[in-house]
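Written below as structure tokens is the structure these notes are about.
The shown structure was predicted, so the numbers you read here are calculated from the model rather than taken from an experiment. Read the numbers this way: they start at 1 and go in the same order the structure lists the ligands and their atoms. The residues of the chain are indexed from 1 along the displayed sequence.
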Amino acid sequence: MDRSVQRLLNRVSLAFATIATVSLLHIYYHNSLSCAPAGDAAYRHHHQTLTLTLSPFPKTSCDAAARDHITPEKRFAKLRSSRAWRSRVDAFADLFRPLHPLGLLSNASHVLCVSAGAGHEVAALHESGVADVTAVDLVDFPPLVSRSDPHNLPFFDSVFDLGFSAGLAGALFPTRFVTELERTVRRGGATVLAVDRCSPKEVDEIRALFRRSSLLEVRNVTFIGSEMTLIIMKNNGKPPS
Ligand SMILES: *[C@@H]1O[C@H](CO)[C@@H](O)[C@H](O)[C@H]1NC(C)=O
Ligand SMILES: *[C@@H]1O[C@H](CO)[C@@H](O)[C@H](O)[C@H]1NC(C)=O
């Protein structure tokens with residue numbers, strides 16, 4: 001991969017990793033996890049879920065506390081009532097708004113969101129009236145996001161009208177990530193990427209990751225105070241050569 005793309009992606013990657021970590025920590029510290037040891041938050045969550053599922057009786061008072069508090073429903077309810085949730089959902093709503101006049105998004109659209117985290121973008125789409133939204137990430141986050149590898153999506157070709165991701169930077173294999181997202185979008189549909197603010201040259205490099213789409217529009221946007229660029233690719237439906 002081109003060095004400057006790699007540099008760009010690393011930069012974006014760091015930003016998203018930070019956001020993800022802060023979100024997870026936020027969820028953690030608001031779910032009586034003061035007794036959990038320090039370590040990787042995502043791992044701890046899974047570990048804890050496993051403990052809760054597998055052990056018939058709580059071994060310690062800490063387990064008992066966790067059993068009381070960490071149901072996915074409670075975790076989500078807590079997150080959804082936070083101010084951070086609201087501002088991020090609103091920011092996604094702003095991001096999606098220009099897609100309506102372009103004819104790329106309507107209430108009837110089938111939308112796929114990849115690397116969706118806790119599902120802020122799903123909530124934004126639902127609130128705007130788009131009912132059919134599928135969202136995946138490496139770690140599931142019920143009820144809005146289920147688990148799938150973005151590099152190997154469990155969907156048929158051309159089944160979505162719109163594919164969206166703000167997670168390209170976190171992808172281990174950016175080319176594979178983009179090709180998979182693009183594959184699931186129908187001809188005439190669009191793949192939209194939200195990435196860290198980029199120059200025309202960097203846009204070209206990201207555009208080159210696509211195999212059967214052409215650049216429709218690039219927009220510099222502000223996303224909760226971050227300078228970002230929205231890259232809108234229209235799917236030509238040509239089979240990859
Ligand atoms: C889309 O759904 C929203 C929310 O239900 C509604 O307010 C809006 O009028 C709908 N848009 C169209 C074009 O039907
Ligand atoms: C977006 O901002 C970058 C960096 O400031 C600039 O190079 C680029 O031309 C801008 N793109 C658009 C579409 O305005």
* Asked: In this structure, are over 12 heavy atoms from other groups packed under 6.0 Å from R86 atom CZ?
  -> yes
* Can you sort out which atoms of ligand 1 are near G129, meaning under 4.0 Å from one of its heavy atoms? => 2 (O), 3 (C), 4 (C)
* To do: Identify the two heavy atoms, one from F173 and one from H151, that lie closest to each other, and give their separation to 0.1 Å.
  => N-NE2, 3.1 Å
Less than 3.5 Å apart, which donor and acceptor atoms pair up between the side chains of residues 108-119 and the rest of the protein, not counting sequence neighbours?
unit_1, atom_1, unit_2, atom_2, d
S109, OG, S106, N, 2.8
S109, OG, S106, O, 3.2
H110, ND1, D132, OD2, 2.4

* Asked: Looking only at heavy atoms, which two atoms of F177 and S165 are closest? And how far apart?
  -> CZ-OG, 3.3 Å
* Could you tell me which atoms of ligand 1, counted from 1 in the order shown, lie closer than 4.0 angstrom to a heavy atom of S128? => 1 (C), 2 (O), 3 (C)
* **Nitrogen or oxygen atoms of E127 and ligand 1 under 3.5 Å apart** => no
* Got a sec, which residues hit salt bridge (Lys or Arg N to Asp or Glu O under 4.0 Å) with E180, two or more places apart in sequence or on another chain? -> R183
* Counting N and O atoms only, with roles assigned by atom type, does the side chain of E182 sit under 3.5 Å from a partner on the main chain of T191, one being a donor and the other an acceptor? -> no
For residues 92-104, dump all side-chain donor-acceptor pairs below 3.5 Å to protein atoms at least two apart in sequence or in another chain.
unit_1, atom_1, unit_2, atom_2, d
D94, OD1, R97, NH1, 2.6
H100, ND1, L105, O, 3.1

* Structure fact -> Near ligand 2 (heavy atom, under 4.0 angstrom), the protein residues are R197, C198, S199, P200, V218, N220
